[in-house]
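Contents: one structure, followed by commentary.
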Number of protein chains: 2
Amino acid sequence: MRVYGGVTGADRKAERRAQLVEAGLDLLGGAEGDQLTVRRVCGRAGLTPRYFYESFADRDELVAAVHEHVVQTIATRALAAVEAAGPDAEAKIRAGLAELVRAVAEDRRHGRVLFSVTLTDPLLARRRVESSRFFARLLSGQARQSYGVPDTPELELVAQFMVGGLAQTLSAWLSGALRLSEAELVAACVEIFTAIADRKAPPPQG
Amino acid sequence: MRVYGGVTGADRKAERRAQLVEAGLDLLGGAEGDQLTVRRVCGRAGLTPRYFYESFADRDELVAAVHEHVVQTIATRALAAVEAAGPDAEAKIRAGLAELVRAVAEDRRHGRVLFSVTLTDPLLARRRVESSRFFARLLSGQARQSYGVPDTPELELVAQFMVGGLAQTLSAWLSGALRLSEAELVAACVEIFTAIADRKAPPPQG
DNA sequence: ACTTTCTGAAAACGCTTGTTATCAGATCAG
DNA sequence: CTGATCTGATAACAAGCGTTTTCAGAAAGT
């Protein structure tokens, strides 16, 4: 690993790895989700299979890296938005959802990796189950904190329902099946979330 | 196509086709959704590839047949339950959801083919998008009829949200991640559905 | 200079897939 | 019995996959 082209060995390797992750994001988040093959991702990254296995033990490791990258990016942004919002529960919901939607609209590949129903990679599907659970736990934790509800299986169900509904909604929106602006989308989702959260004690509102 | 073993040719062919669909349902609705290969489905059906192509032009045709069969079965049962219920909107929702849950609990393969998130067949994924839209249209039609709401993009969004949330919930329940009885599951879903439906005019209830 | 190492392209290996063809033997029709 | 046809098992084919290896040449170290 000596210096090459004025670049250190570790830097070159990191650069190649980043190119592979970026190409993987292109393919995983593209229209056809099952197109992430080693040959294809290398072609798109302008590299050869030899360099693929320099950074990843196998194909699944790249898929995991791409998904991890996306989850980290999105979760960080959404959580920051929630914490920056006031103490009001609905304000938190609105801030988190707005930031989430903004993020997936800015880079639709991220949204598709997280939510698109037409992605058919087996490992990605399994990881999505876990990240859905993760997001659901975040939600239910927020609910216990803001609404003071106990941690029951029914709360878990509600959180799963919200995550699944949001995923389907964003997937449809990203695919162009829902003719709504970003603001309308956020408003509708906030409405639904608060309706579910308040379902047993609806506020006196018309 | 002469008589063989006392069975007419058409009957034998139909029998073999039914065995293939049943085996396909086993595999598509099994734990690993990507195990439906021609060789495997034939092995499980006790037939050989030659008979596969006697009834299906290619692998995708079998996947489509299995999915179609499941959708028809479930939709028929759920619609019948809705129509048998009284004119009250919540009663209809409860009847439809209860029958849907009963159906997928009776034969979990059906539930998984329709809802499981870990099924990664590309054609099945595409068909699910369409059937989700179909179910969403059924729902929004019901809403327009029962609640008199106009057919806006926001109604479409709400329907998609409900379908997606229900799919995630049933998928989690079938996988054993939600420790709830069938009755509790139905009750919780009804609660969520009515909360969303009534979100702008909540009934005066504690 | 010469040797080591990194690069990029390509070929190779072993496997699974969908799909089609082969073939010996069982079962029917006449 | 004779010959046509259905059966079931198996092999064949071409393609794509993940993964490993080979190899000629460019760049660096000494």
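Letters A, B, ... mirror the listed sequences (proteins, then strands); counts begin at 1. Quick caveat: nothing in here was measured; it's all calculated off a predicted structure.
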Quiz item: Can you check the A:Glu15 CD to C:dT7 C1' distance for me, whole Å?
Solution: 15 Å
Exercise. Give the nucleotide from the list C:dT7, D:dG8, D:dT19 with an atom nearest to the side chain of A:Asp58.
Key: D:dT19
Quiz item: Is A:Arg50 near enough to C:dA10 that one of its side-chain N or O atoms lies under 4.0 angstrom from OP1 or OP2?
Solution: no
Quiz item: Taking atom P of C:dC6 as reference, at what distance in whole Å does atom CD of A:Glu54 sit?
Solution: 10 Å
Quiz item: Could B:Glu156 and B:Arg133 be called an ion pair, given the rule that one side-chain N must be under 4.0 Å from one carboxylate O?
Solution: yes
Self-check item: Heavy-atom pair of closest approach, residues A:Val66 and A:Val21
Solution: CG2-O, 3.8 Å
Quiz prompt | Gap between atoms NZ and P, on A:Lys13 and C:dT5 respectively (whole Å) | solution = 17 Å
Practice problem: Could you work out which one of C:dG18, D:dT10, C:dG8 sits closest to the side chain of A:Thr48? | Solution: C:dG8
Quiz item: Is any side-chain N or O of B:Tyr4 closer than 4.0 Å to OP1 or OP2 of D:dT5?
Solution: no
Quiz prompt | Residues A:Arg94 and A:Glu90 bridged, charged N to O under 4.0 Å | solution = yes
Quiz prompt | Residues A:Arg128, A:Asp121: salt bridge by 4.0 Å N-O rule | solution = no
Quiz item: Between B:Asp60 (CG) and C:dT19 (P), how many Å, whole number?
Solution: 8 Å
Quiz item: Which of the following nucleotides, C:dT19, D:dA9, C:dT7, is nearest to the side chain of A:Arg16?
Solution: C:dT7
Practice problem: Establish whether the base of D:dG16 is bridged to the side chain of A:Arg39 by a donor-acceptor pair shorter than 3.5 Å. | Solution: no
Practice problem: Could you state the atom-to-atom distance from CG of B:Asp121 to P of C:dT17 in whole Å? | Solution: 13 Å
Self-check item: Pair A:Arg102 + A:Glu99: basic N to acidic O under 4.0 Å
Solution: yes
Practice problem: Provide, to the nearest angstrom, the distance between the CG atom belonging to B:Leu47 and the C1' atom belonging to D:dT10. | Solution: 15 Å
Exercise. Identify whether any heavy atom of A:Phe52 sits under 4.0 Å from a base atom; if not, whether one sits that close to sugar-phosphate; answer base, sugar-phosphate or nothing.
Key: nothing
Self-check item: Integer-rounded Å distance: D:dT19 P and A:Leu20 CG
Solution: 13 Å
Exercise. Whole angstrom is fine here: how far is it from CD in A:Gln19 over to P in C:dT7?
Key: 12 Å
Quiz item: For DNA chain C, whose closest nucleotide is more 5', that of B:Gly5 or that of B:Tyr53?
Solution: B:Tyr53
Practice problem: Output yes when B:Arg12 and B:Glu54 qualify as a salt bridge under the 4.0 Å nitrogen-oxygen rule, no when they do not. | Solution: no
Quiz item: Considering heavy-atom distances to DNA chain D, does B:Met1 or B:Gly46 have its closest nucleotide positioned more toward the 5' end?
Solution: B:Met1
Quiz prompt | Below 4.0 Å: OP1/OP2 of D:dC17 and any side-chain N or O of A:Arg40 | solution = yes
Quiz item: Does B:Arg59 get its side chain close enough to the base of C:dT17, under 3.5 Å, for a donor-acceptor pair?
Solution: no
Quiz item: Under 4.0 angstrom, heavy atoms only, what part of the nucleic acid is B:Thr37 near: base, sugar-phosphate, or nothing?
Solution: sugar-phosphate
Quiz item: Which of these nucleotides, D:dA28, D:dC6, D:dA9, is closest to any side-chain atom of B:Arg2?
Solution: D:dC6
